[in-house]
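Report on the following structure.
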Amino acid sequence: MYNTKIKPTFCPGCGNYGIKQALQSALEQLDLKPHQAVITYDVGCNSNMADFIYAYGFHGLHGRSVPSAAGIKLANHKLPVIAIIGDGAFYSEGGTHFLNLMRANHDVTVIVHNNHRFSLTAGQYTSTTEEETITVTSPAGVIEEPVNPIAVSLVNHATFVARGFAGDVKHLTDLIISGVKHKGFSLIDVLQPCVIWNKEQSYEWYKKNIYYLKKADSKRQRALKDALNEKKLAVGVFYQENKPAYHEEFPALIKKPLVYQDIRKIDIREVMKEFG
Amino acid sequence: MQNSINIKIGGPAGQGVKSIGLILDKMFMRSGYKVFGYTEYPSLIRGGHNTYQAYAGSESAFAQKRRLDMLIALDQGTIAAHQDELDDKTLVIFNQDTLKVAKTRGVLLPFPINDLIKKADGLPVMANIIALGAVCFLSGLEPEILANLVKETFGAKGNEMVKKNTACVKAGYNFAREKLAQYAIKLDPPAKKEKQILVTGNEALALGAVSAGLKFYSAYPMTPATSILHSLVHWAKKYSLVVKQTEDEISAINMALGASYAGARAMTATSGGGFALMTEAVGMAGIMELPLVIVESMRSGPSTGMPTWHSQADLRQVLHASQGDFPRAVLAPGDMQECFDLAREAFYLAEKYQLPVIILSDKYLSESMQSVPAPAASWQNKRYGFANADFNKAAGKNNEQPFKRYALSSGGISQRSVPGQSGGAYLSNSYEHDEFGYATEEAEMAVAMNDKRSAKFIELAKEVGQSRPRIFGGQSADVSFISWGSNKCPVLAALDLLKEKNISANFMHVNYIWPFPKEAVSQFIKNSKRIINVECNASGQFAGLVRQETGLKIKENLLKYDGRPFYAEDILTYVQH
Ligand SMILES: Cc1ncc(C[n+]2csc(CCOP(=O)(O)OP(=O)(O)O)c2C)c(N)n1
Ligand code: SF4
Ligand SMILES: [Mg+2]
């Protein structure tokens with residue numbers, strides 16, 4: 001139901017296939033018809049998915065698509081909004097949006113295809129690439145320390161923080177379902193093998209280096225322990241908290257979504273009084 | 001008798017220069033006059049020299065003038081700073097207890113402020129209110145109007161404060177009546193009394209936007225656009241608007257485009273620097289064919305420039321911003337009335353032609369005050385281009401086929417669906433795309449989509465391009481001005497001065513800048529005996545545009561780029577050389 005006629009162009013073996021599959025089965029299990037959800041896409045290998053998924057879509061600018069997702073949600077808060085984006089886009093180019101949209105608790109589910117590379121531009125290191133990694137733009141190894149998006153989200157008021165693995169579609173599907181159901185900002189950082197530009201972090205490598213969290217913590221401090229684990233990568237929901245979503249705090253949105261408010265006749269008498 | 005009055009208040013920031021100016025303007029407006037208020041201040045919160053100029057005319061108030069009828073000096077520096085604007089008749093009002101005035105042009109009117117405050121049982125901060133009372137008498141206005149304004153302004157501070165302030169108004173008024181009656185200015189009564197409102201350009205714009213069905217506004221503060229955010233946030237509840245202050249301008253425009261895609265009328269506003277950050281997304285509005293109203297209020301550049309000063313040097317920036325070819329409209333209102341009207345027009349054009357519309361304003365318009373006839377209370381808005389205008393109720397089963405959002409047709413405008421609407425699913429795409437929105441790199445489709453977008457521009461140009469520029473002062477004259485945007489204010493004021501000197505002059509004001517009104521501009525220039533282009537930038541950006549579009553070179557360019565707007569007198573002096 002959620003496939004367009006366009007055949008996916010990801011490289012054979014790319015982790016993006018698993019993420020696409022998880023997203024589609026999540027939509028199905030959530031019983032959302034293609035017109036009942038909006039998916040935004042960024043620019044990157046990950047976001048080429050825009051052409052393959054049949055639903056309302058918004059294929060925005062590199063690093064800037066999550067603000068658009070927040071705008072869509074504020075204009076029509078009845079629709080679930082899911083953002084597909086890459087690590088380069090969300091943690092580097094759009095880093096300020098990453099920091100600020102999460103603490104506002106916009107009700108958007110952000111799925112970050114984290115392959116630790118700018119893959120579409122041919123494999124440069126990103127802000128999540130491990131120190132000392134050799135890539136096309138770091139022939140002597142990356143000098144800087146990587147961003148830890150899970151830890152940042154935990155200390156920066158995100159209300160749903162999770163990590164998935166593109167090689168475990170069933171688990172990822174459940175994470176996406178929980179993320180969409182969660183009221184407020186949900187970050188799902190997905191470990192995504194890129195078979196072309198990141199040969200070290202293969203499916204096998206991830207399988208050996210991940211462990212599963214049992215259930216979401218309700219204390220950020222405790223969740224941070226797993227987020228900061230340097231030996232192994234935890235997958236699952238680190239933290240979840242119930243809090244009103246951003247749009248729920250807007251008086252304008254109490255009665256009905258913004259787009260359904262009638263603008264055919266507007267009376268400005270009231271405000272004109274200020275200027276008399 | 002004289003038909004206008006021009007008053008300047010000067011003092012340090014934080015001493016209420018602007019708030020007294022506003023009361024003065026309202027006092028004249030409520031007395032039936034047309035008014036214009038102009039303010040200058042440095043980019044500081046405390047200290048520095050601030051001024052407010054209140055100009056009132058019995059028939060019109062296009063702009064403040066340079067020559068002052070009164071100068072109210074709240075500090076020593078004010079008198080020295082404005083010597084150029086005084087003549088023998090200018091009344092210089094100051095507090096004799098705090099200021100020592102050595103040599104100055106004009107008529108010195110020292111006020112025994114301490115004494116007057118004491119008698120009125122006022123507070124030291126009310127020196128300004130005493131001055132207001134005096135101006136009220138010296139201008140021949142009814143003191144009740146001022147007393148009411150004072151009551152409204154200070155009402156929130158409690159009865160005691162209202163009482164003290166009212167007593168100070170009276171003290172100033174009576175002092176002037178008893179001691180200074182010989183200096184009273186004989187001002188013509190208002191020519192025509194009509195209901196007016198007093199607004200800044202930003203307020204007029206915000207008001208126009210609300211009346212046009214604005215629903216979503218996102219912005220990041222930047223002088224001189226910031227007060228639009230302030231107004232809208234203040235009205236958000238009443239008009240059920242989402243007003244979002246974002247983390248930066250890039251977020252502001254991308255968020256607004258998200259809201260537009262979802263079907264809401266959306267706007268963002270900034271100044272030149274913020275607009276530079278928005279650039280990439282302006283092109284996205286172009287290729288996604290999303291309606292968006294963007295206000296760019298210019299200030300002195302380049303870079304951070306002079307943040308609180310005037311300029312018109314971003315014309316080329318807004319015309320060319322963003323990579324690739326795509327249609328856009330650029331509107332440049334000339335005064336507060338046009339700020340309101342063109343805000344409405346911008347929403348209409350943006351939605352009808354599905355493109356970004358940029359309203360190019362500037363510090364002079366954004367922060368000056370002008371009285372305009374009170375707009376109608378109720379405004380009607382039509383919606384354009386929705387596949388099912390009643391998308392709220394759109395029923396039916398979901399179509400398995402994506403919606404042809406970018407259907408190729410003559411005229412280029414295709415119907416939009418909105419998320420949630422069944423059978424409407426499509427991809428809004430920043431990549432070049434096919435009719436469903438899916439990315440394409442096919443040569444034929446790329447050409448077809450470019451042509452589709454260009455066709456919209458041709459239709460748009462047909463609708464707005466030809467007849468819009470207004471000509472003031474008759475079809476033929478010895479001297480002809482052409483200008484754009486806020487220069488309308490000083491040039492109209494200059495036409496009056498030229499008339500007094502028996503110099504025949506006319507003026508074409510261009511407010512629809514893009515699509516460019518080629519024919520009309522060409523005709524006007526060809527018909528002129530002496531054509532002068534007037535604009536506030538160093539390179540003559542508009543003159544360049546005229547040449548680009550009409551092939552005509554304007555030889556005389558009156559340019560100003562010192563951060564100040566033109567005064568009518570500057571234009572007169574130039575014409576007379
Ligand atoms: C403003 C801007 N800068 C740079 C690019 C070029 N660019 C396209 S995709 C990309 C990197 C994408 O990396 P990521 O977001 O991690 O996605 P991936 O390709 O790895 O899935 C870059 C730098 C662009 N499209 N826009
Ligand atoms: S380059 Fe890497 S991320 Fe891109 S499609 Fe190929 S495998 Fe996937
Ligand atoms: Mg990546």
Side-chain angles (χ1 to χ4, degrees), chain A residues 1 4 6 33-38 40-41 43 48 50-51 54-76 78-79 94 96-97 99-101 247 250-253 255 257-261 263-272 274-276, chain B residues 197-199 203 207 210-213 215-216 218 235-242 244 246-248 250-251 254-259 261-266 280-281 284 374-375 377-383 392 398 402 418-431 437-439:
Chain A
M1 174 159 49
T4 63
I6 302 163
K33 306 236 159 38
H35 71 277
Q36 290 171 324
V38 182
T40 66
Y41 306 89
V43 177
N48 286 345
D51 293 334
Y54 174 45
Y56 274 97
F58 185 102
H59 200 169
L61 294 175
H62 182 51
R64 317 300 174 187
S65 58
V66 185
S68 299
I72 295 166
K73 185 74 195 187
L74 287 172
N76 193 345
K78 290 280 194 264
L79 293 172
T96 182
H97 313 310
L99 284 180
N100 287 288
L101 298 178
H247 68 265
F250 260 104
L253 303 182
K255 281 203 203 112
L258 208 58
V259 283
Y260 298 146
Q261 297 178 19
I263 62 164
R264 279 173 300 188
K265 200 165 157 234
I266 299 205
D267 195 309
I268 56 170
R269 208 170 330 207
E270 271 297 303
V271 273
M272 273 196 321
E274 293 174 28
F275 304 113
Chain B
I197 59 169
L198 181 68
V199 282
E203 285 163 347
L207 207 51
V210 168
S211 82
K215 281 277 122 190
F216 189 94
S218 44
W235 304 335
K237 205 166 161 203
K238 205 171 283 161
Y239 289 92
S240 190
L241 318 173
V242 168
K244 176 80 182 85
T246 51
E247 60 275 19
D248 59 22
I250 300 178
S251 185
N254 282 282
M255 211 179 263
L257 283 170
Y261 161 76
R265 287 197 170 173
E280 190 187 15
M284 181 166 79
S378 177
W379 294 86
Q380 312 271 337
N381 301 302
K382 265 166 84 180
R383 302 301 305 262
N392 186 11
N398 189 59
V418 295
Q421 184 177 350
S422 66
Y426 77 98
L427 183 64
S428 187
N429 207 338
S430 70
Y431 280 80
Y438 298 120

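We name chains A, B, ... by the order of the sequence lines, and we start the count at 1 in each one. Reckoned from all heavy atoms, side chains included, excluding hydrogens, waters and symmetry mates.
With contacts defined as side-chain heavy-atom distances shorter than 4.5 Å, the pair B/Tyr431/A/Asp51 does not qualify. Between A/Leu253 and A/Leu74, the closest side-chain pair of non-hydrogen atoms falls below 4.5 Å.
Scanning both residues, B/Ile250 and A/His97, for their nearest heavy atoms gives CG2-NE2, 4.2 Å. Looking at every heavy atom in both residues, A/Ser68 comes nearest to B/Met284 through OG-CE, 4.3 Å.
Of the listed residues (B/Ala281, B/Gly213, B/Ala212, B/Ala266), the one with the most heavy-atom contacts under 4.5 Å to chain A is B/Gly213. Of all the listed residues (B/Leu241, B/Val242, B/Thr246), the one sharing the greatest number of non-hydrogen pairs under 4.5 Å with chain A is B/Val242. Chosen from B/Ala256, B/Pro375, B/Ser428, the residue pairing most often with chain A at heavy-atom distances under 4.5 Å is B/Ser428. Ranked by heavy-atom pairs shorter than 4.5 Å toward chain B, the options A/Arg269, A/Glu270, A/Arg64, A/Gln36 are led by A/Arg64. Interface remark: of the candidates A/Ala75, A/Ala70, A/Pro67, A/Pro251, A/Pro67 forms the most heavy-atom pairs closer than 4.5 Å to chain B. Of the listed residues (B/Ser430, B/Gly437, B/Pro419, B/Ala259), the one with the most heavy-atom contacts under 4.5 Å to chain A is B/Pro419.
With a threshold of 4.5 angstrom between heavy atoms, A/Leu99 does not approach chain B through any atom at all. Heavy atoms of A/Ala55 lying under 4.5 Å from chain B belong exclusively to its backbone. If you measure heavy-atom distances from A/Val271 to chain B, the contacts under 4.5 Å come from both the backbone and the side chain. The part of B/Trp235 that comes within reach of chain A is its side chain, from C-beta onward, which places non-hydrogen atoms under 4.5 angstrom from that chain. Looking at A/Leu258, both its backbone and its side chain come within 4.5 Å of chain B, counting heavy atoms on both sides. If you measure heavy-atom distances from A/Phe250 to chain B, the contacts under 4.5 Å come from the side chain alone. Heavy atoms closer than 4.5 Å to chain B are found in both the backbone and the side chain of A/Ile268. Heavy-atom distances place the side chain of A/Thr4, and not its backbone, under 4.5 Å from chain B. With a 4.5 angstrom heavy-atom cutoff, B/Asn429 touches chain A via backbone and side-chain atoms both.
A donor-acceptor distance shorter than 3.5 angstrom exists from the side chain of B/Asn381 to the backbone of A/Ile263, with no hydrogens or angles considered. Judged by distance alone, with hydrogens and angles left aside, the side-chain atoms of A/Lys73 form a donor-acceptor pair with the main-chain N or O of A/Leu79 at under 3.5 Å.
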**OP:** In sequence, state the C-alpha distance, the side-chain angles, and the governing distance for A/Phe58 and B/Asn254, and then conclude on side chain to side chain contact (heavy atoms under 4.5 Å, CB included).
**Re:** CA-CA 11 Å; A/Phe58 185 102; B/Asn254 282 282; 5.8 Å; no
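Ring-plane geometry between A/Tyr56 and B/Tyr426 is classed as perpendicular, the angle between the planes exceeding 60 degrees on a 0 to 90 degree scale with a lower cut at 30.
Residues A/Gln261 and B/Ser240 have side chains that bring a donor and an acceptor to within less than 3.5 angstrom of each other.
Atom NZ of B/Lys238 has more than 12 neighbouring heavy atoms from other residues, nucleotides or ligands inside a 6.0 Å radius.
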